[in-house]
Protein chains: 2
Amino acid sequence: MTVTIYDVAREAGVSMATVSRVVNNNPNVKPQTRKKVFEAIERLGYRPNAVARGLASKKTTTVGVVIPDISNSIFAEVARGIEDIANMYHYNIILCNADKKKEKEIRVVNTLLEKQVDGLLFMGGTVTAEHIQAFKTASVPVVLCATTDDQEQFPSVDIDHERAAFDAVQALLDMGHQEIAMICGNLNDPSNGLARYQGYKGAMENAGLSVKEQYVRAGNYRYESGMEVMEHFIGLSPRPTAVFAATDEMAIGAIHKIQDHGLKVPEDIAVMSVDNTRMASMVRPQLAAVAQPMYDIGAVSMRLLTKLMKNESVENMKVILPHELVMRNSVSAK
Amino acid sequence: MTVTIYDVAREAGVSMATVSRVVNNNPNVKPQTRKKVFEAIERLGYRPNAVARGLASKKTTTVGVVIPDISNSIFAEVARGIEDIANMYHYNIILCNADKKKEKEIRVVNTLLEKQVDGLLFMGGTVTAEHIQAFKTASVPVVLCATTDDQEQFPSVDIDHERAAFDAVQALLDMGHQEIAMICGNLNDPSNGLARYQGYKGAMENAGLSVKEQYVRAGNYRYESGMEVMEHFIGLSPRPTAVFAATDEMAIGAIHKIQDHGLKVPEDIAVMSVDNTRMASMVRPQLAAVAQPMYDIGAVSMRLLTKLMKNESVENMKVILPHELVMRNSVSAK
DNA sequence: CTGTTAGCGCATTCAT
DNA sequence: ATGAATGCGCTAACAG
């Protein structure tokens, strides 16, 4: 039925070891024999069985990727970065959505480990003790991607979310805004939620301003929730002159809600966010934002993983990628 | 080092066959022994090796997914549908971006086949003879996803792109528009490009209108290209009263370009598209579109693949999912 | 440069 | 209900 290395060996009149050498580009084969083997391979339509190879060599050239949700463009961008670099180093990726649910995350990690992946890229919510427990049973490297663990036990690649938020709010302050509200995320979410809120708070306090409770309201990262929170802010007095949103989508919701009230962005209320997805330049006015280099986070974390898998020495196990302020028309001086 | 089924057998005082039965939920095991084995597994921290299992059983519970670009939200949505259903049937997916490049597509298909996937989901550009050639060397089922082959040799799941475009343009016609321009895609791209153009053409001709050459212009599916093409249309006289775009992004670009010229959507020019991504409701005015059920295309194609992998009988190998007209404020009667 | 020999960890007959 | 034996297709020493 299926043609094996043994069939090729017989067809070419050599041993299976030689065929294996040819297939694996081992230089210790006479060009002539190599040619004979290639011809036999061609004639028989031989295709190496990566599973058998994996069992024998204990390497699968496959890495596991745990991601919250591939249909979220932020993560999809990261995934593309991961896959491009994986591809470059001849790895394939098994992708698992885990929706930031602890139980599901741990389950897929175990499945991936059963499948003998050569390494694991983890992108999730909070890294709990149970996660760490699961990672430790792995005999392969694990790197956290756009995710960090408090104890910093694992290599990771991310941006400094708190600093990113700080910089965004500082930009608003620099433009003369003082009444700055924030549409934040879930404060139990360490990076997108808590850290960004703390950056906001830090910038405000650093400027000698206090954070008004009514100026902070959580959304669920989605467009609609940005609208809802903005509705609340508009009713306040004094009304904020600027709004900082934890994600692009919520910021865009805020912009539209402001416009629906007959107010103008940025004249009446300035809006700024963190993310800088493609959508940021697809709204009117275009959205100012702190850019997260999502593709790079994926690419760099995969690159780091390849080094770890090859036991290469790695200088920095905790990579923080730079973020960047992208000013656009949704903000202006007060 | 690694604990194997053999270690568990020794620890539990049974044979490896029994351990295998327990792990695979074979009912022919006395509850007592089953318990003993589970305890040994627990004690040793045994984790079954899926690679070895795959070699022995010739099943990997892994399917290959070839996708154009996971960072494109359309495909990411499909991928999520695929993964959800795969997960439900206990399969994992190996994801490969191939950017609709023939050579890369064929290469990844071969890699996937080497990895002994139990099935293949192919999402790509044109399916050429070479693709078919590659698919035929597979001893596992292949299903085309949001892609079709002319000769209809392979099972597939898609929408009727031509009909979808026809319906959109018909809606515009029904509203009294006659000067309808189209921002089309690459006419070498069978589904998103050619089929949608043909739907437009069909609807126009069906209404007794001719397609004016200057009213049809190709973009590259992106926002910016929508703006560029719209710039051209605005300069025309007579100026079109409605524009049909082959994708949401191009449509949104068109809307903004129209607004940049001080014109109003839909009063001066109506805009409509095909896709209905999340962004369609995140623009002002909200974008009317023919909705493609991307998640379902992924889910249904994966479900079809599971049936094929289990040799279940399948009534319909050529699934066409229904599309739907979603009217929003970017269109109005002439 | 090439062949021989062992496993890799497991599922799966076939006995019992 | 359980065990012994075999082989899945390949890599990796080791010999020569």
Side-chain angles (χ1 to χ4, degrees), chain A residues 1-38 40-41 44-62 90 110-111 113-118 139-140, chain B residues 1-38 40-41 44-62 90 110-111 113-118 139-140:
Chain A
M1 198 61 223
T2 69
V3 20
T4 75
I5 202 172
Y6 187 77
D7 300 321
V8 176
R10 200 157 22 74
E11 176 80 12
V14 299
S15 72
M16 47 187 291
T18 299
V19 177
S20 176
R21 289 189 185 98
V22 170
V23 169
N24 292 297
N25 273 316
N26 184 317
N28 292 340
V29 181
K30 211 195 312 182
Q32 257 188 41
T33 12
R34 182 181 302 276
K35 184 155 173 290
K36 270 197 310 187
V37 171
F38 272 133
I41 287 177
L44 267 39
Y46 169 69
R47 173 146 49 204
N49 180 325
V51 172
R53 179 182 293 183
L55 185 58
S57 70
K58 295 174 167 299
K59 291 210 173 332
T60 55
T61 62
T62 302
H90 304 292
N110 283 315
T111 304
L113 261 16
E114 283 187 7
K115 296 224 167 170
Q116 311 300 119
V117 292
D118 293 339
S139 53
V140 296
Chain B
M1 197 61 225
T2 70
V3 19
T4 74
I5 203 173
Y6 188 76
D7 301 319
V8 176
R10 201 157 20 75
E11 175 80 11
V14 299
S15 73
M16 48 185 289
T18 299
V19 177
S20 176
R21 290 189 185 98
V22 170
V23 169
N24 291 297
N25 274 315
N26 184 318
N28 290 344
V29 182
K30 214 193 311 180
Q32 255 187 44
T33 23
R34 181 180 302 276
K35 183 156 174 290
K36 270 195 311 188
V37 171
F38 273 132
I41 288 178
L44 267 40
Y46 168 69
R47 175 150 41 207
N49 180 325
V51 171
R53 180 182 292 186
L55 184 58
S57 69
K58 295 176 168 298
K59 291 208 173 330
T60 55
T61 62
T62 302
H90 305 292
N110 283 316
T111 304
L113 261 16
E114 283 187 8
K115 296 224 168 171
Q116 311 300 118
V117 293
D118 293 339
S139 54
V140 297

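Note on naming: letters A, B, ... go to the chains in the order of the sequence lines (proteins, then strands), and numbering restarts at 1 for each one. The model shown is predicted, which means the values in this text are computed figures rather than measured ones.
For the pair A/Y6 OH and D/dG7 P, the computed distance is 12 Å after rounding to whole Å. Spacing between atom NZ of A/K59 and atom P of D/dG9 amounts to 23 Å, rounded to whole angstrom units.
Note that the first and last nucleotides of DNA chain C, 5' to 3', having any atom under 4.0 angstrom from a heavy atom of chain A are C/dC1 to C/dG9.
Side-chain nitrogen and oxygen atoms of A/T4 include none within less than 4.0 Å of the OP1 or OP2 phosphate oxygen of D/dG9.
Judged by distance alone, the side chain of B/K35 and the main-chain N or O of B/K30 form no donor-acceptor pair under 3.5 Å. Remark: the backbone N or O of A/V117 is not paired with any side-chain donor or acceptor of A/T62 at under 3.5 angstrom. In this structure, the side chain of B/D118 does not engage the main chain of B/K59 through any donor-acceptor pair within 3.5 Å. Panel note: side chain A/D7, backbone A/T4; a donor-acceptor pair is recorded below 3.5 Å. The closest donor-acceptor contact from the side chain of B/S20 to the backbone of B/M16 lies at 3.5 Å or more, if one exists at all.
Across all strands, B/V51 comes closer than 4.0 Å to no nucleic acid atom at all (heavy-atom distances). In this structure, A/N49 reaches the sugar-phosphate backbone alone: every heavy-atom distance under 4.0 Å involves primed, P, OP1 or OP2 atoms, never a base.
When only modelled atom types and interatomic distance are considered, A/N110 and B/R47 share a side-chain donor-acceptor pair under 3.5 Å. Side-chain atoms of B/K58 and A/T2 include no donor-acceptor pair closer than 3.5 Å.
The closest side-chain heavy-atom distance from A/Y46 to A/V23 is below 4.5 Å. For the pair B/E11/B/I41, no side-chain contact is recorded, criterion being any heavy-atom separation below 4.5 Å from C-beta on.
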For nucleotides 11-16 of chain D, 5' to 3', base contacts (B), sugar-phosphate-only contacts (S) and non-contacts (-) with protein non-hydrogen atoms under 4.0 Å give BBBB--
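Put simply, CD1 on B/I5 and CG on B/N49 are 10.5 Å apart, with the number rounded to the nearest 0.5 Å. The CG atom of A/N28 lies 10.5 Å from the OG1 atom of A/T18; values are rounded to the nearest 0.5 Å.
Across the helix from C/dC1-D/dG16 to C/dT16-D/dA1, the helix axis at one end is tilted relative to the axis at the other end by 30° (nearest 10 degrees, each axis from five pairs).
Comparing B/G13 and B/K58 by the nucleotide of DNA chain D whose heavy atom lies nearest to each, the residue mapping closer to the 5' end is B/G13.
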